[in-house]
K.L.:
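Sharing a structure with you now.
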Amino acid sequence: MNCNRWTRAAAVLFASALLPIAAQPQTTSRPRIDVEHYVVDAQIDPAAQTLRANVLVRFTPLDNVESAGFDLNNALNVARVVDGANRQVPASRVQQNFTIQLRFPEMLPKGKPNTVAFTYDGKLTGNEESPVYGIKFAAIKPELAYLMYPSRWIPVNEYTTDRFTAEMRITVPQGFRVIAPGVEERGDQAAGGGSTYRFRYNQPSFPASIAVVRGEGQRVPSQGLTTTLYFTEHKDMAAAYGEETGKMVAFFTGVYGLAPHANLTLVETEAGTPNGYSAPGILFLSPRTIGRQVNARALANQIARQWWGVLLSPATRNHLWITNGNARYAEFLWIEQNHGVGALETEVRDTYVEALTVGEPPLIQSARLEDYSPEYWAATAAKGAAVIHMLRGVIGDEPFRRVLRAFSDRYNWKSLNTEEFRKVAEAVSGQNLQYFFMQWIESTGAPEFRLEFTTFRTQKGFRAMGKISQDLDTFRMPVELRIETEGNPEDKRIEVVGTSSEFVVETFGKPRNVLVDPNNKVLKYNPQVRVAVAIRRGEQFAEVGDFTEALREYQKALDVNRNSSVAHYRVAEVFMLQGNYQSAANEFREALNGDLEPKWTEVWAHINLGKIFDVTGQRERAVNEYQLAQRTKDNSQNAQEEVAKYLKQPYERPRTNQ
């Protein structure tokens, strides 16, 4: 049973996140330059799986520089580098961090534009080591090629932050066509019967992702827009994805302003690629993401990145929460639009748990995190979305909508930092929000509120007097109180400042209880959240086979709530993976005797007990457990299909190599 687990690819990345941070390429100091424009002339041979390229890079030094460093995929072999005067520029490869270091013939003065031209080639099968650990962003296959910007298939300066324009001339054999950002210009017939496709992208962004496909894409009109889809394994899903894409682009246009690219192209990649990647005008989706029904969350996230990533981007990687957080929050907005506030609140609770799995570093130091690792997503996406949701609660729904709209007006085709984000929010809302951003962006930690109150009768009703305590000395946040009375509940917002804040609330009915943050708008701890966070961390360790640490995290959850069924269930899973069937059976029994939250723990505990009895040669007892599972009528994760299978024939332990 794999409910709510990280994907296997993400688990591999979690292991990489445990490596020393100093070894990560994005933190490497290098002479500062601003790359402005690329001219890419490339030949792609799908049959041979090769790339040959000549790339002219126009840049301006931001300081007086004698050298420069560019990221470039290790699979690409540089033949020569020349400057604007056609002089050879010495270049050295640093395999460890996927860079090419250049030493110029003379000092380049600050502010004076220069060019440098790279000639290189190589084979990209998809099996090479990726600059983003464990994830394929480039592969040239006989039927499909994709070269995404994170693969560094062109020389990259300041990955994800240095915006540029581009011209591309891509030559492919007959029968193939090229999908690339920008305006497609007149193509040429290439020698040997192939074709050269020309593209120009005139707005500074990240137009360095292309696909090489066969045939014509499927064009799907929706909401006055047309989406072109190049799906292979999931051709039958193209119409549904095209229809949903049109709806989402129209919706997000209403939220964020005019889309930089309204008519999108969707390309299906292959196993091992990221779930999704958003390039200017192009979305790359993995087969697993596409699935057999529209993955609305993934699609909403990638479409929103046409604004949060393409149209505007973080000034440095320390401000990645702006784009990743807003892309994640776009999922919430779409869920709220289609399924209501209740569905939104469920998503927010799950995201808050994910955000709390990473305590360090603060968001303003996100450059320290390994790209695409679970820690990276938990911080920049989950906590980033949490910050945005809390901002909505602080300034109100209507000002919040105006804040989201303001960014595409003020920072279109530009980068921005956290300070600029704050100033826009302040200008639109009319509030001083410095305390808010200091608490959630520059600091770490989350409060755990404790409440004391006393009720007094007054001439006009009742008075509740109390105190809210928490442990963060510098904390300041407006927090909602709900006073439950004999009549209708009454809500009041109070300012919680420091470790102790007093309040007085007048009510008509007699107060029976006082709740702090009843709608869970504040990122905070409580016993239930601590259990959920510990379990989530344990799942991460279990996925990479670190069972000792997994059990330690699950025990933290049980220390808070001894009756947590999901904690006992996860402990049982670990024992079962280790072949310790007696201990596993004990823990599955504890799960059944616990709080049965979430509900699926009941049916799957019975199923796994049945498997244990089958493995240990106790078929009658196994059948009894499967029948108990059947009686729950719970079909979470296709549980009833699993039951039916093992009622027909016993479960057999998978064969493994020691």
Side-chain angles (χ1 to χ4, degrees), residues 255 308 319-333 335-336 341 343-359 362-364 366 377-404 406-407 418-419 421-449 468 470-472 474-482 491-498 501 515-526 528-529 532-533:
V255 175
W308 302 101
H319 307 282
L320 279 163
W321 74 270
I322 296 173
T323 49
N324 288 343
N326 272 290
R328 175 71 68 86
Y329 201 75
E331 300 175 31
F332 297 176
L333 294 174
I335 289 169
E336 181 182 27
V341 174
L344 167 68
E345 291 174 350
T346 298
E347 294 297 328
V348 168
R349 283 196 297 271
D350 291 345
T351 297
Y352 279 15
V353 169
E354 183 183 350
L356 290 169
T357 61
V358 177
L363 284 184
I364 202 64
S366 296
W377 290 119
T380 65
K383 188 175 181 181
V387 170
I388 293 163
H389 188 66
M390 288 189 288
L391 177 65
R392 177 180 179 177
V394 169
I395 67 176
D397 282 355
E398 195 278 330
F400 176 72
R401 294 279 181 169
R402 288 190 285 117
V403 166
L404 293 181
F407 287 107
T418 299
E419 181 73 5
F421 189 100
R422 176 180 68 83
K423 288 180 179 178
V424 169
E426 289 181 336
V428 173
S429 68
Q431 297 185 33
N432 185 335
L433 298 169
Q434 184 168 350
Y435 74 91
F436 177 88
F437 285 88
M438 288 181 66
Q439 169 64 42
W440 299 113
I441 305 297
E442 299 179 33
S443 303
T444 58
E448 182 164 6
F449 297 126
I468 298 174
Q470 55 84 41
D471 294 332
L472 302 178
T474 60
F475 183 83
R476 175 191 168 191
M477 187 77 176
V479 177
E480 293 178 355
L481 286 183
R482 174 163 297 163
D491 293 338
K492 182 176 181 179
R493 176 181 284 199
I494 68 167
E495 195 86 359
V496 175
V497 180
S501 300
L515 303 177
V516 183
D517 188 32
N519 296 314
N520 296 308
K521 292 184 178 180
V522 180
L523 182 66
K524 64 183 185 297
Y525 285 106
N526 59 38
Q528 295 77 21
V529 170
V533 169

K.L.:
Between CZ of Arg402 and CG of Asp397, what distance do you get to the nearest 0.5 Å?
P.N.:
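If we round to the nearest 0.5 Å, Arg402:CZ and Asp397:CG are 12.0 Å apart.
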
K.L.:
Could I get the full list of side chain to side chain donor-acceptor pair (under 3.5 Å) partners for Glu336, not counting sequence neighbours?
P.N.:
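With neighbours one apart ignored, the set is Arg392.
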
K.L.:
Do Glu442 and Pro362 come within less than 4.5 Å of each other through their side chains, counting heavy atoms only?
P.N.:
no

K.L.:
Kindly indicate whether the side chain of Phe332, heavy atoms from C-beta on, has any atom under 4.5 Å from the side chain of Val348.
P.N.:
yes

K.L.:
Among residues at least two apart in sequence or on other chains, which ones pass salt bridge (charged side-chain N to carboxylate O under 4.0 Å, His left out) with Glu448?
P.N.:
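Only Arg530 meet the salt bridge (charged side-chain N to carboxylate O under 4.0 Å, His left out) criterion with Glu448.
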
K.L.:
Give the minimum heavy-atom separation between Val358 and Ala378, together with the two atoms involved.
P.N.:
CG2-CB, 3.6 Å

K.L.:
Looking only at heavy atoms, what is the nearest atom pair of Gln470 and Gly498, with distance?
P.N.:
NE2-O, 2.5 Å

K.L.:
With sequence neighbours left out, what residues match Arg401 under salt bridge (charged side-chain N to carboxylate O under 4.0 Å, His left out)?
P.N.:
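In terms of salt bridge (charged side-chain N to carboxylate O under 4.0 Å, His left out), with neighbours along the sequence ignored, Arg401 is linked to no residue.
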
K.L.:
Locate the shortest heavy-atom distance separating Ala406 from Val428; write the atom from each residue and the value.
P.N.:
CB-CG2, 4.1 Å

K.L.:
Could you list the residues that satisfy side-chain contact (heavy atoms from CB on, under 4.5 Å) with Val533, not counting sequence neighbours?
P.N.:
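Residues passing side-chain contact (heavy atoms from CB on, under 4.5 Å) with Val533: Val353, Leu356, Thr357, Val529, Arg537.
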
K.L.:
Output yes when a side-chain donor or acceptor of Ser443 lies under 3.5 Å from a complementary backbone atom of Met438, and no otherwise.
P.N.:
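Confirmed, Ser443 side chain pairs with Met438 backbone.
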
K.L.:
Go through it in stages, so that I can follow the logic: the residues are Ile364 and His319, the test is side-chain contact (heavy atoms from CB on, under 4.5 Å), and I'd like the CA-CA distance, side-chain angles, deciding distance and then a yes or no.
P.N.:
CA-CA 6 Å; Ile364 202 64; His319 307 282; 3.6 Å; yes

K.L.:
Any non-hydrogen side-chain atom of Met477 less than 4.5 Å from a side-chain atom of Val394?
P.N.:
yes

K.L.:
Please list, one pair per line, the donor and acceptor atoms closer than 3.5 Å that link side chains of residues 429-436 to other protein atoms, with sequence neighbours excluded.
P.N.:
unit_1: Ser429; atom_1: OG; unit_2: Ala425; atom_2: O; d: 2.7
unit_1: Ser429; atom_1: OG; unit_2: Gln431; atom_2: N; d: 3.3
unit_1: Asn432; atom_1: OD1; unit_2: Gln434; atom_2: N; d: 3.0

K.L.:
Return the set of residues passing side chain to side chain donor-acceptor pair (under 3.5 Å) with Glu345 (not counting sequence neighbours), or none when no residue passes.
P.N.:
none

K.L.:
Write down the atom of Val387, the atom of Leu363, and the distance for their closest heavy-atom approach.
P.N.:
CG2-CD1, 4.1 Å

K.L.:
Does Asp471 have any salt bridge (charged side-chain N to carboxylate O under 4.0 Å, His left out) partners at least two apart in sequence or in another chain, and if so, which?
P.N.:
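Testing Asp471 for salt bridge (charged side-chain N to carboxylate O under 4.0 Å, His left out), a comparison that skips the adjacent residues, returns Arg450.
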
K.L.:
Would you please name every residue forming a ring-ring contact (aromatic ring centres under 6.0 Å, His included) with Tyr352, sequence neighbours left out?
P.N.:
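Partners of Tyr352 by the ring-ring contact (aromatic ring centres under 6.0 Å, His included) criterion come out as none, since no residue qualifies.
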
K.L.:
Any heavy-atom pair between the side chains of Gln439 and Leu472 that's under 4.5 Å?
P.N.:
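Answer yes - side chains close enough.
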
K.L.:
Going by salt bridge (charged side-chain N to carboxylate O under 4.0 Å, His left out), name the residues that satisfy it together with Glu331, two or more places apart in sequence or in a different chain.
P.N.:
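Partners of Glu331 by the salt bridge (charged side-chain N to carboxylate O under 4.0 Å, His left out) criterion, ordered by chain and then number, come out as Arg297, Arg328.
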
K.L.:
What residues, two or more places apart in sequence or in another chain, satisfy side chain to side chain donor-acceptor pair (under 3.5 Å) together with Asn519?
P.N.:
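Result, side chain to side chain donor-acceptor pair (under 3.5 Å) vs Asn519: Glu480.
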
K.L.:
For Phe400, give me all partners under ring-ring contact (aromatic ring centres under 6.0 Å, His included), at least two apart in sequence or on another chain.
P.N.:
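In terms of ring-ring contact (aromatic ring centres under 6.0 Å, His included), with neighbours along the sequence ignored, Phe400 is linked to Tyr329.
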
K.L.:
So which atom in Gly393 and which in Arg493 form the shortest heavy-atom distance, rounded to 0.1 Å?
P.N.:
O-NH2, 2.6 Å

K.L.:
Between Met390 and Lys521, is any pair of side-chain heavy atoms under 4.5 Å apart?
P.N.:
no

K.L.:
Is there a side-chain contact between Ile335 and Thr346 (heavy atoms, below 4.5 Å)?
P.N.:
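Sidechains of Thr346 and Ile335: no contact.
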
K.L.:
If you compare all heavy atoms of Ala446 against all heavy atoms of Leu523, which two are closest, and at what distance to 0.1 Å?
P.N.:
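For Ala446 versus Leu523, the nearest heavy atoms are CB-O, 3.5 Å.
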
K.L.:
Could you list the residues that satisfy side chain to side chain donor-acceptor pair (under 3.5 Å) with Trp321, not counting sequence neighbours?
P.N.:
Thr418

K.L.:
Do Ile388 and Asn326 come within less than 4.5 Å of each other through their side chains, counting heavy atoms only?
P.N.:
yes

K.L.:
So, taking the atom named CH2 in Trp440 and the one named CG in Leu391, what distance separates them when rounded to the nearest 0.5 Å?
P.N.:
12.5 Å

K.L.:
Could you check if a side-chain atom of Ile468 sits within less than 4.5 angstrom of a side-chain atom of Ile494, using non-hydrogen atoms only?
P.N.:
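SC-SC contact between Ile468 and Ile494 confirmed.
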
K.L.:
Look up atom CG in Leu320 and atom OG1 in Thr380, then write down how far apart they are to the nearest 0.5 Å.
P.N.:
6.0 Å

K.L.:
In terms of the angle between their ring planes, are Phe421 and Trp308 parallel, tilted or perpendicular, with boundaries placed at 30° and 60°?
P.N.:
tilted

K.L.:
Would you give the length of the straight line joining atom CZ of Phe449 to atom CG of Leu515, rounded to the nearest 0.5 angstrom?
P.N.:
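The CG atom of Leu515 is 13.0 Å from CZ of Phe449, to the nearest 0.5 Å.
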
